[in-house]
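Convention: sequence-line order gives letters A, B, ...; per-chain numbering from 1.
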2 protein chains.
Amino acid sequence: MNKYQNQTHLLAAVDCIIFGFDGSQLKILLIHRALEPELGKWSLMGGFIQSNESSEQAAVRVLKVLTGMDGVYLEQLYTFSQPNRDPIERTLSTAYFALVDIALYEKQISDEYHAEWFPLTEMPSLIFDHESMVTMAREKLKYKAALHPLLFELLPKKFTLPQLQSLYQSVFNKVLDKRNFSRKVLSTNLLIKQPDKDKGTSKKGAFYYTLNTKNYKEDFQAFLNIIPNSHLL
Amino acid sequence: MNKYQNQTHLLAAVDCIIFGFDGSQLKILLIHRALEPELGKWSLMGGFIQSNESSEQAAVRVLKVLTGMDGVYLEQLYTFSQPNRDPIERTLSTAYFALVDIALYEKQISDEYHAEWFPLTEMPSLIFDHESMVTMAREKLKYKAALHPLLFELLPKKFTLPQLQSLYQSVFNKVLDKRNFSRKVLSTNLLIKQPDKDKGTSKKGAFYYTLNTKNYKEDFQAFLNIIPNSHLL
DNA sequence: TCAAAAGTGTTATGAGTACACCCATGG
DNA sequence: CCATGGGTGTACTCATAACACTTTTGA
(Lines give C-alpha, C1' and ligand atoms only; values in the text may rest on other atoms or scores of the structure.)
Protein backbone atom coordinates (compact mmCIF):
# COMPACT_ATOMS: atom_id res chain seq x y z
CA MET A 1 0.00 0.00 0.00
CA ASN A 2 1.12 3.54 -0.65
CA LYS A 3 2.56 5.79 1.95
CA TYR A 4 0.53 8.64 3.39
CA GLN A 5 0.54 11.51 0.90
CA ASN A 6 1.71 15.04 1.48
CA GLN A 7 2.52 14.76 5.15
CA THR A 8 5.39 16.49 6.90
CA HIS A 9 8.14 14.12 7.91
CA LEU A 10 10.32 15.07 10.80
CA LEU A 11 13.01 13.84 13.13
CA ALA A 12 12.25 12.23 16.46
CA ALA A 13 14.67 12.21 19.34
CA VAL A 14 14.84 11.24 22.97
CA ASP A 15 16.43 13.16 25.82
CA CYS A 16 17.14 11.73 29.25
CA ILE A 17 16.99 13.58 32.52
CA ILE A 18 19.19 11.48 34.78
CA PHE A 19 18.92 11.98 38.53
CA GLY A 20 21.38 10.71 41.08
CA PHE A 21 21.82 11.16 44.82
CA ASP A 22 25.24 11.35 46.40
CA GLY A 23 24.17 11.03 50.03
CA SER A 24 23.57 14.68 50.62
CA GLN A 25 22.16 16.21 47.46
CA LEU A 26 20.28 15.46 44.27
CA LYS A 27 22.31 15.69 41.12
CA ILE A 28 21.69 15.60 37.41
CA LEU A 29 23.96 14.21 34.72
CA LEU A 30 24.85 16.41 31.76
CA ILE A 31 27.17 16.15 28.79
CA HIS A 32 28.94 18.45 26.46
CA ARG A 33 26.94 18.31 23.27
CA ALA A 34 28.86 16.50 20.54
CA LEU A 35 26.98 17.95 17.56
CA GLU A 36 26.54 21.29 15.92
CA PRO A 37 24.67 23.46 16.66
CA GLU A 38 25.58 24.40 20.21
CA LEU A 39 28.56 22.05 20.15
CA GLY A 40 30.30 22.03 23.49
CA LYS A 41 27.40 23.47 25.48
CA TRP A 42 25.78 21.53 28.28
CA SER A 43 22.95 19.29 27.27
CA LEU A 44 20.87 16.36 28.39
CA MET A 45 21.82 12.97 27.06
CA GLY A 46 19.93 12.43 23.86
CA GLY A 47 19.86 10.95 20.42
CA PHE A 48 17.67 10.36 17.42
CA ILE A 49 15.23 7.50 17.27
CA GLN A 50 16.41 4.92 14.77
CA SER A 51 14.14 3.32 12.22
CA ASN A 52 13.86 0.00 14.00
CA GLU A 53 13.42 1.09 17.61
CA SER A 54 10.74 2.58 19.81
CA SER A 55 11.46 5.72 21.80
CA GLU A 56 11.85 3.59 24.94
CA GLN A 57 14.46 1.51 23.18
CA ALA A 58 16.17 4.64 21.95
CA ALA A 59 16.34 6.01 25.49
CA VAL A 60 17.82 2.76 26.77
CA ARG A 61 20.36 2.75 23.95
CA VAL A 62 21.35 6.37 24.52
CA LEU A 63 21.88 5.73 28.23
CA LYS A 64 23.94 2.66 27.55
CA VAL A 65 26.10 4.28 24.88
CA LEU A 66 26.62 7.64 26.55
CA THR A 67 27.05 6.53 30.16
CA GLY A 68 27.42 2.77 30.30
CA MET A 69 24.25 2.58 32.38
CA ASP A 70 22.10 -0.49 32.05
CA GLY A 71 18.96 -1.61 33.81
CA VAL A 72 18.21 1.72 35.43
CA TYR A 73 14.78 3.09 36.22
CA LEU A 74 13.45 4.88 33.15
CA GLU A 75 10.09 6.49 32.58
CA GLN A 76 8.57 8.50 29.78
CA LEU A 77 8.00 12.08 30.87
CA TYR A 78 6.62 14.21 28.05
CA THR A 79 7.01 14.89 24.35
CA PHE A 80 8.27 18.34 23.43
CA SER A 81 7.15 19.47 20.04
CA GLN A 82 7.49 23.21 19.53
CA PRO A 83 8.19 23.56 15.79
CA ASN A 84 11.31 25.64 16.34
CA ARG A 85 12.73 23.92 19.38
CA ASP A 86 15.74 22.75 17.38
CA PRO A 87 16.99 25.52 15.10
CA ILE A 88 18.50 23.14 12.54
CA GLU A 89 15.59 20.99 11.68
CA ARG A 90 12.19 20.17 13.04
CA THR A 91 12.69 17.59 15.75
CA LEU A 92 10.22 16.18 18.19
CA SER A 93 11.79 15.07 21.44
CA THR A 94 10.38 12.61 23.92
CA ALA A 95 11.92 13.18 27.33
CA TYR A 96 12.60 10.30 29.70
CA PHE A 97 13.65 10.55 33.26
CA ALA A 98 16.03 8.11 34.85
CA LEU A 99 16.94 7.39 38.46
CA VAL A 100 20.30 5.84 39.18
CA ASP A 101 22.50 4.91 42.08
CA ILE A 102 25.13 7.54 41.57
CA ALA A 103 27.83 5.51 43.27
CA LEU A 104 27.70 2.84 40.56
CA TYR A 105 28.53 5.32 37.85
CA GLU A 106 30.12 8.39 39.37
CA LYS A 107 33.75 7.65 38.56
CA GLN A 108 33.20 5.71 35.39
CA ILE A 109 31.16 8.46 33.85
CA SER A 110 33.52 11.34 34.25
CA ASP A 111 36.53 9.26 33.24
CA GLU A 112 35.15 7.43 30.23
CA TYR A 113 32.28 9.49 29.03
CA HIS A 114 33.17 13.10 29.80
CA ALA A 115 29.83 13.73 31.38
CA GLU A 116 29.40 15.51 34.67
CA TRP A 117 27.09 15.37 37.66
CA PHE A 118 25.73 18.76 38.71
CA PRO A 119 23.89 19.52 41.93
CA LEU A 120 20.45 20.73 40.91
CA THR A 121 21.19 24.02 42.59
CA GLU A 122 24.24 24.60 40.43
CA MET A 123 23.01 23.47 37.06
CA PRO A 124 24.45 25.42 34.13
CA SER A 125 22.20 26.71 31.37
CA LEU A 126 21.25 24.11 28.82
CA ILE A 127 20.62 24.04 25.08
CA PHE A 128 17.24 24.24 23.37
CA ASP A 129 14.32 23.51 25.68
CA HIS A 130 16.29 21.19 27.94
CA GLU A 131 15.79 23.40 30.96
CA SER A 132 12.02 23.04 30.65
CA MET A 133 12.53 19.31 30.48
CA VAL A 134 14.52 19.35 33.70
CA THR A 135 11.95 21.53 35.42
CA MET A 136 9.16 19.18 34.45
CA ALA A 137 11.18 16.15 35.48
CA ARG A 138 11.85 17.62 38.92
CA GLU A 139 8.16 18.27 39.43
CA LYS A 140 7.23 14.80 38.35
CA LEU A 141 9.86 13.27 40.60
CA LYS A 142 8.45 15.15 43.59
CA TYR A 143 4.91 14.31 42.70
CA LYS A 144 5.47 10.66 42.10
CA ALA A 145 7.85 10.14 44.99
CA ALA A 146 5.23 11.53 47.35
CA LEU A 147 2.90 8.74 46.36
CA HIS A 148 5.07 5.82 45.41
CA PRO A 149 8.22 4.22 46.80
CA LEU A 150 10.24 5.55 43.91
CA LEU A 151 13.27 7.04 45.58
CA PHE A 152 14.81 3.69 46.44
CA GLU A 153 15.97 3.65 42.82
CA LEU A 154 18.43 6.37 43.76
CA LEU A 155 20.06 4.41 46.59
CA PRO A 156 22.48 1.51 46.71
CA LYS A 157 21.17 -1.99 47.43
CA LYS A 158 22.06 -1.53 51.08
CA PHE A 159 21.20 1.78 52.65
CA THR A 160 20.49 3.21 56.10
CA LEU A 161 17.43 5.01 57.41
CA PRO A 162 19.36 8.27 57.88
CA GLN A 163 20.41 8.06 54.22
CA LEU A 164 16.86 7.47 53.12
CA GLN A 165 15.58 10.32 55.20
CA SER A 166 18.23 12.63 53.86
CA LEU A 167 17.16 11.69 50.34
CA TYR A 168 13.51 12.50 51.04
CA GLN A 169 14.54 15.76 52.63
CA SER A 170 16.52 16.69 49.52
CA VAL A 171 13.73 15.88 47.13
CA PHE A 172 11.06 17.68 49.11
CA ASN A 173 13.26 20.36 50.51
CA LYS A 174 11.77 19.78 53.94
CA VAL A 175 13.18 18.69 57.26
CA LEU A 176 11.38 15.58 58.49
CA ASP A 177 11.04 14.23 62.00
CA LYS A 178 13.14 11.09 62.19
CA ARG A 179 10.84 9.32 64.63
CA ASN A 180 7.80 9.76 62.42
CA PHE A 181 9.85 9.05 59.33
CA SER A 182 11.21 5.76 60.52
CA ARG A 183 7.85 4.61 61.84
CA LYS A 184 6.17 5.33 58.52
CA VAL A 185 8.86 3.83 56.35
CA LEU A 186 9.07 0.67 58.43
CA SER A 187 5.31 0.29 58.51
CA THR A 188 5.28 -0.20 54.74
CA ASN A 189 7.02 -3.55 55.06
CA LEU A 190 9.22 -2.59 52.17
CA LEU A 191 12.44 -2.73 54.16
CA ILE A 192 14.44 -5.63 55.51
CA LYS A 193 16.81 -4.88 58.35
CA GLN A 194 20.32 -6.22 57.85
CA PRO A 195 22.54 -7.43 60.66
CA ASP A 196 25.40 -5.09 59.78
CA LYS A 197 25.88 -1.39 60.18
CA ASP A 198 27.25 1.49 58.20
CA LYS A 199 29.88 3.07 60.39
CA GLY A 200 30.78 5.72 57.85
CA THR A 201 28.91 8.64 59.32
CA SER A 202 28.76 7.97 63.04
CA LYS A 203 30.49 6.17 65.84
CA LYS A 204 27.41 4.24 66.79
CA GLY A 205 26.73 3.20 63.21
CA ALA A 206 23.39 2.88 61.44
CA PHE A 207 21.81 -0.42 60.48
CA TYR A 208 21.63 -1.22 56.82
CA TYR A 209 18.34 -2.07 55.18
CA THR A 210 17.54 -3.64 51.84
CA LEU A 211 14.37 -3.52 49.80
CA ASN A 212 11.90 -6.32 50.08
CA THR A 213 11.75 -6.61 46.31
CA LYS A 214 8.66 -8.78 46.29
CA ASN A 215 6.65 -6.26 48.30
CA TYR A 216 8.27 -3.43 46.39
CA LYS A 217 7.00 -4.66 43.05
CA GLU A 218 3.57 -5.47 44.42
CA ASP A 219 3.17 -2.27 46.37
CA PHE A 220 4.65 0.16 43.93
CA GLN A 221 1.22 1.50 43.16
CA ALA A 222 0.46 1.84 46.85
CA PHE A 223 0.28 5.29 48.29
CA LEU A 224 2.91 6.04 50.79
CA ASN A 225 2.39 9.26 52.63
CA ILE A 226 5.94 9.52 53.78
CA ILE A 227 5.48 13.19 53.18
CA PRO A 228 2.61 14.89 54.96
CA ASN A 229 -0.06 15.91 52.48
CA SER A 230 0.25 19.56 53.15
CA HIS A 231 3.84 19.56 51.98
CA LEU A 232 3.24 17.72 48.77
CA LEU A 233 3.46 20.41 46.17
CA MET B 1 23.49 25.46 8.64
CA ASN B 2 23.05 21.97 7.24
CA LYS B 3 20.41 19.56 8.31
CA TYR B 4 21.25 16.59 10.48
CA GLN B 5 22.78 13.89 8.30
CA ASN B 6 21.56 10.35 7.81
CA GLN B 7 18.73 10.39 10.29
CA THR B 8 15.42 8.62 9.89
CA HIS B 9 12.54 10.96 9.24
CA LEU B 10 9.10 9.86 10.20
CA LEU B 11 5.53 10.99 10.58
CA ALA B 12 4.15 12.35 13.82
CA ALA B 13 0.50 12.21 14.70
CA VAL B 14 -1.81 12.94 17.59
CA ASP B 15 -4.72 10.87 18.80
CA CYS B 16 -7.35 12.07 21.25
CA ILE B 17 -9.12 9.99 23.85
CA ILE B 18 -12.27 12.00 24.50
CA PHE B 19 -14.25 11.25 27.63
CA GLY B 20 -17.77 12.40 28.33
CA PHE B 21 -20.31 11.70 31.04
CA ASP B 22 -24.02 11.48 30.28
CA GLY B 23 -25.29 11.54 33.85
CA SER B 24 -25.08 7.84 34.42
CA GLN B 25 -22.05 6.48 32.60
CA LEU B 26 -18.68 7.40 31.22
CA LYS B 27 -18.44 7.44 27.46
CA ILE B 28 -15.76 7.77 24.85
CA LEU B 29 -16.02 9.39 21.45
CA LEU B 30 -14.96 7.41 18.38
CA ILE B 31 -15.09 7.94 14.64
CA HIS B 32 -15.07 5.86 11.56
CA ARG B 33 -11.59 6.17 10.19
CA ALA B 34 -11.55 8.21 7.00
CA LEU B 35 -8.25 6.93 5.62
CA GLU B 36 -6.84 3.72 4.30
CA PRO B 37 -5.74 1.45 5.85
CA GLU B 38 -8.55 0.30 8.13
CA LEU B 39 -10.95 2.71 6.45
CA GLY B 40 -14.32 2.54 8.12
CA LYS B 41 -13.14 0.89 11.33
CA TRP B 42 -13.53 2.58 14.68
CA SER B 43 -10.70 4.81 15.69
CA LEU B 44 -9.74 7.61 18.03
CA MET B 45 -9.81 11.11 16.64
CA GLY B 46 -6.41 11.82 15.22
CA GLY B 47 -4.35 13.53 12.60
CA PHE B 48 -0.83 14.26 11.50
CA ILE B 49 1.16 17.08 13.03
CA GLN B 50 1.62 19.85 10.49
CA SER B 51 4.90 21.57 9.90
CA ASN B 52 4.02 24.75 11.73
CA GLU B 53 2.28 23.41 14.81
CA SER B 54 3.17 21.70 18.07
CA SER B 55 1.49 18.45 19.03
CA GLU B 56 -0.72 20.36 21.46
CA GLN B 57 -1.84 22.62 18.66
CA ALA B 58 -2.43 19.63 16.43
CA ALA B 59 -4.61 18.03 19.09
CA VAL B 60 -6.64 21.21 19.48
CA ARG B 61 -7.02 21.48 15.72
CA VAL B 62 -8.09 17.85 15.33
CA LEU B 63 -10.69 18.25 18.06
CA LYS B 64 -12.03 21.39 16.50
CA VAL B 65 -12.18 20.02 12.96
CA LEU B 66 -13.50 16.56 13.75
CA THR B 67 -15.98 17.44 16.49
CA GLY B 68 -16.44 21.18 16.65
CA MET B 69 -15.11 21.16 20.20
CA ASP B 70 -13.26 24.19 21.42
CA GLY B 71 -11.78 25.11 24.77
CA VAL B 72 -12.07 21.67 26.29
CA TYR B 73 -9.73 20.16 28.85
CA LEU B 74 -6.81 18.55 27.05
CA GLU B 75 -3.73 16.91 28.46
CA GLN B 76 -0.82 15.04 26.95
CA LEU B 77 -0.92 11.40 27.91
CA TYR B 78 1.90 9.43 26.30
CA THR B 79 3.79 9.02 23.07
CA PHE B 80 3.38 5.69 21.35
CA SER B 81 6.31 4.76 19.22
CA GLN B 82 6.41 1.07 18.33
CA PRO B 83 8.07 1.01 14.89
CA ASN B 84 5.27 -1.03 13.35
CA ARG B 85 2.28 0.51 15.07
CA ASP B 86 1.01 1.88 11.77
CA PRO B 87 1.41 -0.67 8.98
CA ILE B 88 1.65 1.89 6.19
CA GLU B 89 4.45 4.02 7.38
CA ARG B 90 6.38 4.66 10.55
CA THR B 91 4.31 7.07 12.62
CA LEU B 92 4.85 8.24 16.13
CA SER B 93 1.64 9.16 17.89
CA THR B 94 1.27 11.41 20.89
CA ALA B 95 -1.97 10.64 22.68
CA TYR B 96 -3.97 13.37 24.40
CA PHE B 97 -6.92 12.90 26.62
CA ALA B 98 -9.83 15.27 26.65
CA LEU B 99 -12.70 15.76 29.08
CA VAL B 100 -15.87 17.34 27.79
CA ASP B 101 -19.38 18.12 28.88
CA ILE B 102 -21.15 15.61 26.73
CA ALA B 103 -24.37 17.58 26.65
CA LEU B 104 -22.72 20.42 24.74
CA TYR B 105 -21.74 18.18 21.90
CA GLU B 106 -23.87 15.04 21.95
CA LYS B 107 -26.32 15.91 19.21
CA GLN B 108 -24.05 18.07 17.12
CA ILE B 109 -21.45 15.36 16.91
CA SER B 110 -23.53 12.52 15.62
CA ASP B 111 -25.40 14.75 13.18
CA GLU B 112 -22.57 16.74 11.70
CA TYR B 113 -19.48 14.69 12.29
CA HIS B 114 -20.60 11.06 12.14
CA ALA B 115 -18.79 10.25 15.32
CA GLU B 116 -20.36 8.23 18.10
CA TRP B 117 -20.25 8.11 21.90
CA PHE B 118 -19.71 4.63 23.30
CA PRO B 119 -20.12 3.60 26.92
CA LEU B 120 -16.72 2.38 28.04
CA THR B 121 -18.21 -1.00 28.74
CA GLU B 122 -19.39 -1.36 25.15
CA MET B 123 -16.43 -0.03 23.24
CA PRO B 124 -15.82 -1.74 19.90
CA SER B 125 -12.36 -2.89 18.92
CA LEU B 126 -10.14 -0.13 17.60
CA ILE B 127 -7.45 0.17 14.97
CA PHE B 128 -3.71 0.02 15.58
CA ASP B 129 -2.73 0.51 19.21
CA HIS B 130 -5.69 2.73 20.02
CA GLU B 131 -7.02 0.30 22.60
CA SER B 132 -3.80 0.58 24.60
CA MET B 133 -4.19 4.33 24.42
CA VAL B 134 -7.69 4.10 25.83
CA THR B 135 -6.59 1.75 28.59
CA MET B 136 -3.82 4.08 29.60
CA ALA B 137 -6.12 7.08 29.46
CA ARG B 138 -8.65 5.41 31.72
CA GLU B 139 -5.96 4.63 34.26
CA LYS B 140 -4.65 8.14 34.20
CA LEU B 141 -8.14 9.57 34.55
CA LYS B 142 -8.74 7.47 37.65
CA TYR B 143 -5.36 8.26 39.11
CA LYS B 144 -5.53 11.96 38.55
CA ALA B 145 -9.18 12.33 39.50
CA ALA B 146 -8.43 10.72 42.85
CA LEU B 147 -6.01 13.51 43.63
CA HIS B 148 -7.26 16.55 41.81
CA PRO B 149 -10.64 18.14 41.15
CA LEU B 150 -10.55 17.04 37.53
CA LEU B 151 -13.94 15.53 36.99
CA PHE B 152 -15.76 18.85 37.01
CA GLU B 153 -14.56 19.17 33.43
CA LEU B 154 -17.06 16.46 32.53
CA LEU B 155 -20.06 18.26 34.00
CA PRO B 156 -22.14 21.22 32.86
CA LYS B 157 -21.56 24.61 34.48
CA LYS B 158 -24.43 23.94 36.85
CA PHE B 159 -24.61 20.50 38.39
CA THR B 160 -26.04 18.84 41.48
CA LEU B 161 -24.32 16.86 44.21
CA PRO B 162 -26.11 13.64 43.22
CA GLN B 163 -24.80 14.12 39.66
CA LEU B 164 -21.28 14.69 40.92
CA GLN B 165 -21.44 11.67 43.15
CA SER B 166 -22.73 9.53 40.33
CA LEU B 167 -19.80 10.67 38.21
CA TYR B 168 -17.26 9.73 40.87
CA GLN B 169 -18.97 6.41 41.30
CA SER B 170 -18.71 5.72 37.58
CA VAL B 171 -15.06 6.62 37.36
CA PHE B 172 -14.05 4.62 40.41
CA ASN B 173 -16.61 1.91 40.04
CA LYS B 174 -17.44 2.22 43.72
CA VAL B 175 -20.56 3.11 45.63
CA LEU B 176 -19.89 6.06 47.90
CA ASP B 177 -21.73 7.16 51.02
CA LYS B 178 -23.60 10.34 50.15
CA ARG B 179 -23.20 11.90 53.60
CA ASN B 180 -19.45 11.51 53.56
CA PHE B 181 -19.27 12.48 49.92
CA SER B 182 -21.13 15.73 50.33
CA ARG B 183 -19.19 16.66 53.46
CA LYS B 184 -15.88 16.12 51.72
CA VAL B 185 -16.80 17.84 48.51
CA LEU B 186 -18.24 20.86 50.27
CA SER B 187 -15.24 21.13 52.59
CA THR B 188 -13.01 21.86 49.61
CA ASN B 189 -14.66 25.24 49.08
CA LEU B 190 -14.73 24.54 45.38
CA LEU B 191 -18.50 24.65 45.09
CA ILE B 192 -20.94 27.51 45.20
CA LYS B 193 -24.53 26.65 46.02
CA GLN B 194 -27.08 28.13 43.64
CA PRO B 195 -30.54 29.21 44.67
CA ASP B 196 -32.30 27.03 42.12
CA LYS B 197 -32.86 23.31 41.89
CA ASP B 198 -32.76 20.61 39.29
CA LYS B 199 -36.16 18.96 39.41
CA GLY B 200 -35.34 16.51 36.66
CA THR B 201 -34.68 13.46 38.74
CA SER B 202 -36.76 13.90 41.86
CA LYS B 203 -39.81 15.59 43.21
CA LYS B 204 -37.93 17.39 45.92
CA GLY B 205 -35.27 18.60 43.50
CA ALA B 206 -31.52 18.89 44.08
CA PHE B 207 -29.73 22.20 44.47
CA TYR B 208 -27.45 23.24 41.68
CA TYR B 209 -23.83 24.09 42.38
CA THR B 210 -21.25 25.87 40.28
CA LEU B 211 -17.49 25.79 40.50
CA ASN B 212 -15.71 28.50 42.40
CA THR B 213 -13.37 29.04 39.48
CA LYS B 214 -10.90 31.11 41.45
CA ASN B 215 -10.43 28.40 44.06
CA TYR B 216 -10.56 25.78 41.34
CA LYS B 217 -7.58 27.19 39.52
CA GLU B 218 -5.64 27.81 42.71
CA ASP B 219 -6.41 24.47 44.28
CA PHE B 220 -6.14 22.26 41.26
CA GLN B 221 -2.90 20.88 42.58
CA ALA B 222 -4.43 20.26 45.97
CA PHE B 223 -5.05 16.72 46.99
CA LEU B 224 -8.62 15.86 47.38
CA ASN B 225 -9.26 12.52 48.96
CA ILE B 226 -12.78 12.30 47.72
CA ILE B 227 -11.95 8.66 47.26
CA PRO B 228 -10.63 6.84 50.30
CA ASN B 229 -6.98 5.92 49.82
CA SER B 230 -7.55 2.23 49.88
CA HIS B 231 -9.78 2.41 46.79
CA LEU B 232 -7.42 4.44 44.72
CA LEU B 233 -6.03 1.90 42.34
C1' DT C 1 34.51 11.17 79.24
C1' DC C 2 32.30 13.47 75.92
C1' DA C 3 30.61 14.69 71.41
C1' DA C 4 27.87 13.14 67.66
C1' DA C 5 24.70 10.53 65.43
C1' DA C 6 21.31 6.52 65.96
C1' DG C 7 17.38 4.84 67.81
C1' DT C 8 12.96 4.72 70.19
C1' DG C 9 7.55 5.92 72.72
C1' DT C 10 3.63 8.82 74.10
C1' DT C 11 0.03 11.87 73.55
C1' DA C 12 -3.28 14.98 71.28
C1' DT C 13 -5.62 16.22 67.33
C1' DG C 14 -8.07 15.65 63.16
C1' DA C 15 -9.47 12.91 59.25
C1' DG C 16 -11.92 9.04 57.67
C1' DT C 17 -15.70 5.90 57.98
C1' DA C 18 -19.83 3.74 59.19
C1' DC C 19 -24.35 4.37 59.96
C1' DA C 20 -30.19 6.11 60.00
C1' DC C 21 -33.50 9.34 59.99
C1' DC C 22 -36.19 13.49 58.42
C1' DC C 23 -37.57 16.55 54.46
C1' DA C 24 -39.96 18.12 50.35
C1' DT C 25 -42.93 17.32 46.71
C1' DG C 26 -45.46 15.48 42.52
C1' DG C 27 -48.47 12.19 41.47
C1' DC D 1 -50.90 10.36 51.54
C1' DC D 2 -47.21 8.07 50.07
C1' DA D 3 -43.25 6.86 47.29
C1' DT D 4 -39.03 8.80 45.76
C1' DG D 5 -34.86 10.86 45.95
C1' DG D 6 -32.49 14.88 48.63
C1' DG D 7 -30.38 16.31 52.57
C1' DT D 8 -28.16 16.20 57.17
C1' DG D 9 -25.40 14.66 62.25
C1' DT D 10 -22.91 11.61 65.43
C1' DA D 11 -19.69 8.52 67.32
C1' DC D 12 -15.78 5.51 66.70
C1' DT D 13 -11.38 4.40 64.98
C1' DC D 14 -7.07 5.17 63.23
C1' DA D 15 -3.47 7.90 61.08
C1' DT D 16 -0.83 12.00 61.66
C1' DA D 17 2.14 15.15 63.98
C1' DA D 18 4.47 17.12 67.70
C1' DC D 19 7.74 16.36 70.92
C1' DA D 20 12.71 14.57 74.21
C1' DC D 21 15.43 11.32 76.07
C1' DT D 22 18.63 7.19 75.99
C1' DT D 23 22.21 4.46 73.56
C1' DT D 24 26.55 3.60 71.42
C1' DT D 25 31.26 4.25 70.63
C1' DG D 26 35.48 6.39 68.56
C1' DA D 27 38.42 9.88 69.53
May I have the distance from [X] (atom [atom1]) to [N] (atom [atom2]), rounded to whole angstrom?
| X | N | atom1 | atom2 | value |
| --- | --- | --- | --- | --- |
| K184(A) | dT16(D) | NZ | C1' | 6 Å |
| L176(B) | dT17(C) | CG | P | 10 Å |
| D196(B) | dA24(C) | CG | P | 18 Å |
| Q165(B) | dG7(D) | CD | C1' | 12 Å |

Check your understanding: End-to-end bend of the helix from dT1(C)-dA27(D) to dG27(C)-dC1(D) (five-pair axes, 10° rounding)?
Key ->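 The end axes of the helix from dT1(C)-dA27(D) to dG27(C)-dC1(D) are about 0° apart, to the nearest 10°.
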**Study point:** Cation-pi geometry met for K193(A) and Y209(A) (6.0 Å, 45°)
**Key:**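 No, cation not above the ring by the 6.0 Å, 45° rule.
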**Study point:** salt bridge (Lys or Arg N to Asp or Glu O under 4.0 Å) contacts touching residues 62-76 of chain B (sequence neighbours left out)
**Key:** K64(B)-D70(B), E75(B)-K140(B), E75(B)-K144(B)
Practice item. Taking side chain to side chain donor-acceptor pair (under 3.5 Å) as the test, write out the residues that go with T79(B), two or more places apart. Key: T79(A), T94(B)
Could you list the donor-acceptor pairs under 3.5 angstrom formed by side chains in residues 150-160 of chain A, with sequence neighbours left out?
| residue | atom | partner | partner atom | Å |
| --- | --- | --- | --- | --- |
| E153(A) | OE2 | Y216(A) | OH | 2.8 |
| K158(A) | NZ | D196(A) | OD2 | 2.6 |
| T160(A) | OG1 | Q163(A) | N | 3.2 |

Between [X] and [Y], is the ring centre distance below 6.0 Å?
| X | Y | answer |
| --- | --- | --- |
| F80(B) | Y78(B) | yes |
| W117(A) | Y105(A) | no |
| Y73(A) | H148(A) | no |

**Study point:** D129(B): partners by salt bridge (Lys or Arg N to Asp or Glu O under 4.0 Å), with sequence neighbours left out
**Key:** R85(B)
Review point. Base, backbone or nothing for each nucleotide of nucleotides 1-11 of chain C, written B, S, -, heavy atoms under 4.0 angstrom, 5' to 3'?
Key: ----BBBBBB-
